[in-house]
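Shown next, in structure tokens, is the structure this report addresses.
All values below were derived from every heavy atom in this structure, side-chain atoms included, with hydrogens, water molecules and symmetry-related copies excluded.
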Amino acid sequence: MDFKFEYFLNAIHYNIYLEEVWSNKKTNKMVNGLFAVIFKIPIIGKYRKKYDGQKTKELYDFYYGKKTGLSISVAHHLFGYFYSCYPAFLSFILLGIVFRYFGKVSFLVIILTVAIPVGIFYIPAYQSVFSKDRYLKYFKQFEKKDKPWHQKWKRITILFCIGAIATVFLGIVAMWGVLLL
């Protein structure tokens, strides 16, 4: 069971990374197109050689590197945000209980009521994906998969992300339900 959970989380993380790479490539293409137009202006055109010289492996690694690139950093954060939405449901229910029985509480109590369940439930995800850069081993494995596998997991990732957002809204509704009971 632990392997399936780890595989699932790493496949989600991998697909979030792929979408981030895709969006960064689209953004870079638009920016490069904009600069191509700007460099046609005679006064600015002399800087084109310097700009073209920056299209190197270092710049590619900066954007798309799997260990320290911009895309993987954003993918790490997005994965963490979406995964944390699921235990946030429990946090909102606990927050409703706190408000119901204790009334107005300090901001620290609110933060702790939300953060503790999220933090506790994030530990298995961290161990499965980020501990010792475990995701890199899975990335190598996932890159070898065929197109139907990628399509299947892309859909699962989309459902995972939509489900996370829906869970937050359901948690807020549940908090109000507990509060008003």
> Do side-chain atoms of Arg100 reach the backbone of Leu181 as a donor and acceptor pair under 3.5 angstrom?
Replying inline: yes
>> Filter on side-chain hydrogen bond (donor to acceptor under 3.5 Å, both in side chains), then keep only pairs touching residues 67-96, sequence neighbours left out; what's left?
In response: His13-His76, Asn24-Ser71, Lys67-Asp133
> Is it the case that one hydrophobic cluster holds both Tyr122 and Leu90, taking links as side-chain heavy atoms less than 4.5 Å apart, direct or via other members?
Replying inline: no
>> Please give me the minimum heavy-atom distance between Ile16 and Cys161, naming the atom from each residue.
In response: CD1-SG, 4.5 Å
>> Is there a path of hydrophobic side-chain contacts, each under 4.5 Å between heavy atoms of I/L/V/M/F/W/Y residues, joining Leu112 to Met175?
In response: no
>> Less than 4.5 Å apart, side chain to side chain, heavy atoms only: is that true for Tyr138 and Tyr14?
In response: no
> Where is the tightest heavy-atom contact between Ala125 and Leu9, given as atom of each residue plus distance?
Replying inline: CA-CD1, 3.7 Å
> Do the side chains of Trp22 and Leu18 join up, straight or via other hydrophobic residues, at under 4.5 Å, putting them in one cluster?
Replying inline: no
> Side-chain heavy atoms under 4.5 angstrom apart, residues restricted to Ile, Leu, Val, Met, Phe, Trp, Tyr: same cluster for Phe107 and Val109?
Replying inline: no
> Counting only heavy atoms not in Trp176, do more than 12 fall under 6.0 Å of its CH2?
Replying inline: no
> Under the side chain to side chain contact (heavy atoms under 4.5 Å, CB included) test, which residues partner Ile158, sequence neighbours left out?
Replying inline: Lys154, Ile162
> Under 30°, 30 to 60°, or over 60°: which ring-plane class applies to Phe79 and Phe130, parallel, tilted or perpendicular?
Replying inline: perpendicular
>> With heavy-atom distances below 4.5 Å as the criterion, would you say the side chains of Phe8 and Ile156 are in contact?
In response: yes
> Could you state the interatomic distance from NZ (Lys152) to CG (Asn15), rounded to the nearest 0.5 Å?
Replying inline: 11.0 Å
>> Quick check for you: to the nearest 0.5 Å, what is the distance between Lys25 atom NZ and Glu20 atom CD?
In response: 12.5 Å
>> Looking at Tyr7, I'd like to know if its OH atom is crowded, meaning that more than 12 non-hydrogen atoms belonging to other residues, nucleotides or ligands lie closer than 6.0 Å.
In response: yes
>> When you compare the side chain of Asn10 with that of Phe139, does any pair of heavy atoms fall below 4.5 Å?
In response: no
> Could you state the interatomic distance from CD1 (Ile12) to CG (Leu159), rounded to the nearest 0.5 Å?
Replying inline: 8.5 Å
>> If hydrophobic clusters are built by linking Ile, Leu, Val, Met, Phe, Trp and Tyr wherever their side-chain heavy atoms come under 4.5 Å apart, do Phe62 and Tyr17 end up in the same one?
In response: yes
> Roughly how far, to the nearest 0.5 Å, is the CD1 atom of Ile72 from the CG atom of Leu136?
Replying inline: 7.0 Å
>> Is it the case that over 12 heavy atoms from other parts of the model lie below 6.0 angstrom from the CZ atom of Phe121?
In response: no
>> Nearest 0.5 Å, please: how far is CD1 in Ile110 from CG in Leu94?
In response: 13.5 Å
> Got a second to check how far Lys26's NZ is from Asn28's CG, nearest 0.5 Å?
Replying inline: 11.5 Å
>> With a 4.5 Å cut-off on side-chain heavy atoms, are Val168 and Phe92 touching?
In response: yes
>> Can you give me the closest heavy-atom contact between Arg134 and Gln127, atom names plus distance?
In response: NH1-O, 2.7 Å
> How close do Leu95 and Thr113 get, heavy atom to heavy atom, and via which atoms?
Replying inline: N-CG2, 3.6 Å
> Is the gap between the ring centers of Tyr135 and Phe142 under 6.0 Å?
Replying inline: no
